[in-house]
Amino acid sequence: MAVIDLMPRPPALEVRGLVAGYGGEPVLQGVSLRLQAGELLAVLGGSGAGKSSLLKVLLGLLPPQSGQVSVFGLDPSVDPVAARAMLAYVPENVAVYPHLDGLENLRYLLGLAGRRPDEAAIALALREVDLPEAAWRQRAARYSKGMRQKLLIALALLREAPLLLLDEPASGLDPEATDQLAALLSRLRDAGRAILMVSHDLEATSAIADRYVFLAKGQVLREGSDLASLGADAAALRTLYARRADLAP
């Protein structure tokens, strides 16, 4: 007889009443959100909304002034090494070693993480993210942003990171690369990974996000499961984001 695990599992990510900032001045003011495994959450907001500060808190780089943050039950401000082991971060300006090829980048970065996967596992991860095989032995200096993103997502797969954080993943991508990224993230979400992407671009997330959180001036202004559920707000939000404007509370 199969044993059914009834033990409650912590969410992939939980933020409660988060207040954080710089020099005593709060940027995030009472932010709360929750992300489960197998879910893609889009955190949207204009310049100055607090998106970058939120990522810094999740990465353990900015300590909360108050509130609670949990990454699979781990507090990044208390045990940043253990919390970071559960997540992978893909920044807006994707940085890899330009003088190394794709395979060399993965081997080196995995070595820094204390991992030594075999060549078959590396090849499988690169195929899973659809990085063309012809690019595996090309110097990363020749990679587009989309190719560098795929390389870092392959790294996340090889590290077996269950939570993926992406900062403005669609910026600088052409329409084809944007569609490829959306398809890749959908596959990863469907395979059970938790994905949080922060963006100012409402349209780039509309096809794949399960839920949306809209930040304005460090506060959660609105949240919803789809754009249609926001009704008249959706049109206003599209206009505001198209202008890269802050949302007024």
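Hydrogens, waters and symmetry mates are skipped; everything else that's a heavy atom, side chains included, is used.
Here salt bridge (charged side-chain N to carboxylate O under 4.0 Å, His left out) pairs that include residues 143-161, with residues two or more places apart or in two chains, are Arg115-Glu160. Applying the side chain to side chain donor-acceptor pair (under 3.5 Å) test to residues at least two apart or on different chains, the pairs with a partner in residues 78-98 are Glu92-Ser171.
Minimum heavy-atom separation, Met147 to Ala135: CE-CB, 3.5 Å. What you find for Ala37 and Ala194 is that their closest heavy atoms are CA-CB, 4.0 Å. Shown here for Pro64 and Ala20, the closest heavy-atom pair between the two residues is CA-CB, 4.2 Å. Taking both residues in full, the closest heavy atoms of Ala154 and Leu126 are given as CB-CD2, 4.0 Å, listed atom of the first, atom of the second, then distance. The heavy-atom pair separating Leu40 from Asp210 by the smallest distance is N-OD2, 2.7 Å. Shown here for Ala83 and Pro76, the closest heavy-atom pair between the two residues is CB-CA, 3.8 Å.
With hydrogens and angles ignored, the 3.5 Å screen pairs no side-chain donor or acceptor of Lys217 with any backbone N or O of Gln29. Side-chain atoms of Asn105 come within 3.5 Å of backbone atoms of Leu100 as a donor-acceptor pair (strictly under, hydrogens ignored). Gln138 contributes no side-chain N or O that, together with a main-chain N or O of Gly102, makes up a donor-acceptor pair within less than 3.5 Å. With hydrogens and angles disregarded, no donor-acceptor distance shorter than 3.5 Å links the side chain of Gln219 to the backbone of Val31. Under a 3.5 Å cut-off, the side chain of Ser32 and the backbone N or O of Gly17 do form a donor-acceptor pair. Looking only at distances, no side-chain donor or acceptor of Arg107 sits under 3.5 Å from a matching main-chain atom of Pro117. Not one N or O on the side chain of Asp75 forms a donor-acceptor pair closer than 3.5 Å with the backbone of Ser70.
By the side chain to side chain donor-acceptor pair (under 3.5 Å) test, Arg139 pairs with no residue at all, sequence neighbours left out. Every residue was checked against the side chain to side chain donor-acceptor pair (under 3.5 Å) condition with Glu133, not counting sequence neighbours, and none meets it. Every residue meeting the side chain to side chain donor-acceptor pair (under 3.5 Å) condition with Arg187, not counting sequence neighbours, appears here in chain and number order: Asp130. Applying the salt bridge (Lys or Arg N to Asp or Glu O under 4.0 Å) rule to Glu14 yields the partners Arg16, Arg34; only residues at least two apart in sequence or on another chain are considered.
Note that CZ of Arg189 and CD of Glu39 are 9.0 Å apart. Values are rounded to the nearest 0.5 Å. Here the straight-line distance linking atom CG of Leu35 with atom CZ of Arg211 works out to 7.0 Å at 0.5 Å rounding. Separation of atoms OG (Ser77) and CG (Leu61) is listed at 11.5 Å; rounding is to 0.5 Å. Note that OG of Ser199 and CG of Leu166 are 10.5 Å apart. Values are rounded to the nearest 0.5 Å. The CD atom of Glu176 sits 12.5 Å away from atom CG of Leu181, with the distance rounded to the nearest 0.5 Å.
Using a 4.5 Å heavy-atom threshold, the side chains of Arg193 and Leu163 count as separate. Side-chain contact check for Leu131 versus Tyr143: some heavy-atom pair is nearer than 4.5 Å. Looking at heavy atoms from C-beta onward, Val71 lies in side-chain contact with Leu87 at the 4.5 angstrom threshold. The side-chain heavy atoms of Thr178 and Asp174, taken from C-beta on, include no pair separated by under 4.5 Å. Residues Leu221 and Leu215 have side chains not in contact (no heavy-atom distance under 4.5 Å, counting atoms from C-beta outward). Between Asp101 and Arg137 the shortest side-chain heavy-atom distance falls below 4.5 Å. By the 4.5 Å heavy-atom criterion applied to side chains, Leu158 and Ile122 are counted as neighbours. Between Leu44 and Tyr212 the shortest side-chain heavy-atom distance falls below 4.5 Å.
At a threshold of 4.5 Å between side-chain heavy atoms, the hydrophobic network of Ile, Leu, Val, Met, Phe, Trp and Tyr places Leu109 and Met86 in two separate groups. Under the 4.5 Å side-chain heavy-atom criterion for ILVMFWY residues, no single connected hydrophobic cluster contains both Leu164 and Val69. Val220 and Met197 fall into different hydrophobic clusters, where Ile, Leu, Val, Met, Phe, Trp and Tyr are joined by side-chain heavy atoms under 4.5 Å apart, directly or via other members. Hydrophobic clustering places Leu110 together with Tyr108 (ILVMFWY residues linked when any side-chain heavy atoms are closer than 4.5 Å, directly or through intermediates). Criterion: ILVMFWY side-chain heavy atoms under 4.5 Å apart, direct or through other members. Under it, Leu185 and Val213 are not part of a common hydrophobic cluster.
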Step-by-step side-chain contact (heavy atoms from CB on, under 4.5 Å) determination, Leu13 to Leu196: CA-CA 9 Å; Leu13 176 65; Leu196 182 144; 3.6 Å; yes

Determine, step by step, whether Leu188 and Leu157 satisfy the side-chain contact (heavy atoms from CB on, under 4.5 Å) criterion, reporting the C-alpha distance in whole Å, the side-chain angles of both residues, the deciding distance to 0.1 Å, and the verdict. CA-CA 9 Å; Leu188 295 177; Leu157 299 181; 3.6 Å; yes

Step by step, would you call Leu151 with Val94 a side-chain contact (heavy atoms from CB on, under 4.5 Å)? CA-CA 10 Å; Leu151 193 65; Val94 188; over 6 Å; no

Determine, stepwise, if the pair Leu28 / Leu54 fulfils side-chain contact (heavy atoms from CB on, under 4.5 Å). CA-CA 7 Å; Leu28 300 171; Leu54 175 62; 4.2 Å; yes

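Classification of Lys51 and Asp167 as a salt-bridged pair fails, no side-chain N sitting under 4.0 Å from a carboxylate O.
Counting only N and O atoms by type, the side chains of Tyr22 and Ser53 include a donor and acceptor under 3.5 Å apart.
Evaluated for a side-chain contact (heavy atoms from CB on, under 4.5 Å) with Leu155, the options Leu106, Val96, Val129 yield exactly one hit, Leu106.
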